[in-house]
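For clarity, every value in this text was computed on a predicted model and none was experimentally measured. The chains referred to below are lettered A, B, ... by the order of the sequence lines, with proteins before strands, and numbering in each begins at 1.
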Number of protein chains: 2
Amino acid sequence: MVTEPVSESDAGVLAQSFKALSDPVRLRLLSLIAARAGQEVCVCDLLDAFTQTAPTISHHLKVLRDAGLITGERRASWVYYRVVPAALSALSQLLDASAMTPRQTPA
Amino acid sequence: MVTEPVSESDAGVLAQSFKALSDPVRLRLLSLIAARAGQEVCVCDLLDAFTQTAPTISHHLKVLRDAGLITGERRASWVYYRVVPAALSALSQLLDASAMTPRQTPA
DNA sequence: CGTTGAGTTTGACGGATGTCGAATCCGATG
DNA sequence: CATCGGATTCGACATCCGTCAAACTCAACG
């Protein structure tokens, strides 16, 4: 991002990723899922942490899923969610490049 | 984020930061400003890269400013913008922690 | 001190978004 | 196969958000 401005087309998909993170409920959802790094969390566990209804939580999970930040798998009656490390890492690196201080001069 | 879930109050301010990044125009604006790491960019330069009108760009710059991601300073007739590395770095690290793979087991 | 140019603020409008209740789907269990 | 519980989808509604035109602010310049 610091070496070359984000292209007009890239900006669209990136903005969509960040939009998925731009809601307090979704941020906490992702946080709760990420806190079980490697493991999984079922929706029923997540619901306890929120006051919003199940349809709302389900909606937010879908947004995170559509953005590619988490994946969900159904087993028996329950659906388990997991984070997608690569997706979060990509966003992290983008911001890291932007945060480059003048001190860290490129070669 | 991976060690401890984001608190309910933190989620609000963090979501606001990500919301600032959740628009293609703002993402490109930040990118163009970040591309001049350490230096400054005046609004007039930025305007050339977009089809939207000056008020719209000004609005987006305000959103980025209110989120603490950039700072603006008026000198003579022009306003110059700069990135705030610490703010971007903080968000970057948050996502980096979330992206931790099972491989990278903490001590 | 009127004018010009850079940038922001205001007001309005259309589209997107978060939320809920009701309905639906899908496995499991009796 | 009827029922139940977990989870998603649908439909509706209020609010938020991106966008522009018009009006305004501020500094430089004649």
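With sequence neighbours excluded, the residues that form a salt bridge (Lys or Arg N to Asp or Glu O under 4.0 Å) with B/Asp66 are B/Lys62. Taking A/Thr71 as the reference, nothing meets the side-chain hydrogen bond (donor to acceptor under 3.5 Å, both in side chains) condition, with sequence neighbours excluded.
With hydrogens and angles disregarded, a donor-acceptor distance shorter than 3.5 Å links the side chain of A/Ser31 to the backbone of B/Val6. Although no hydrogens or angles enter the test, the distance criterion places a donor-acceptor pair under 3.5 Å between the side chain of A/Arg26 and the main chain of A/Lys19. Looking at A/Arg28, its side chain does come within 3.5 Å of a backbone N or O of A/Ala49 through a donor-acceptor pair.
Here C/dG7 presents its P atom at 12 Å from CZ of B/Arg65, a figure rounded to the nearest Å. One atom, OH of B/Tyr80, and another, P of C/dT8, lie 13 Å apart when rounded to the nearest Å. In this entry the distance linking CG of A/Asp66 with P of C/dT17 reads 12 Å, nearest Å. Separating the CG atom of A/Leu64 from the P atom of D/dT8 is a distance of 12 Å, rounded to the nearest angstrom. Distance CH2 (A/Trp78) to P (C/dG27): 13 Å, rounded to an integer number of Å. Atom CG of A/Leu61 is separated from atom C1' of D/dT8 by 10 Å (rounded to the nearest Å). Between the CD1 atom of B/Ile70 and the C1' atom of C/dT8 there is a distance of 14 Å, rounded to whole Å. Between the CD atom of B/Glu73 and the P atom of C/dT8 there is a distance of 13 Å, given to the nearest Å.
Taking side-chain N and O atoms only, A/Tyr81 has a distance below 4.0 Å to OP1 or OP2 of D/dT8. Between D/dC17 and B/Lys19, a contact under 4.0 Å exists linking OP1 or OP2 to a side-chain N or O.
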**Report entry** CA sep, side-chain torsions, deciding dist, call: B/Leu27, B/Leu21, side-chain contact (heavy atoms from CB on, under 4.5 Å)
**Finding:** CA-CA 6 Å; B/Leu27 222 40; B/Leu21 298 173; 4.1 Å; yes
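Using a 4.0 Å heavy-atom criterion, one finds that B/Arg26 contacts the sugar-phosphate atoms exclusively.
The side chain of A/Cys42 sits closest to D/dA7 out of D/dA7, D/dA28, D/dT8.
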What N/O pairs connect the protein and nucleotides 19-26 of chain C at under 3.5 Å? Give each pair on its own line.
unit_1, atom_1, unit_2, atom_2, d
C/dT19, OP1, A/Gln52, NE2, 3.3
C/dT19, OP2, A/His60, NE2, 2.4
C/dC20, OP2, A/Thr53, N, 3.0
C/dC20, OP2, A/Thr53, OG1, 3.4
C/dC20, OP2, A/Thr56, OG1, 2.8

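Annotation: cation-pi geometry satisfied between B/Arg75 and B/Tyr80 (NZ/CZ under 6.0 angstrom from ring centroid, within 45° of ring axis).
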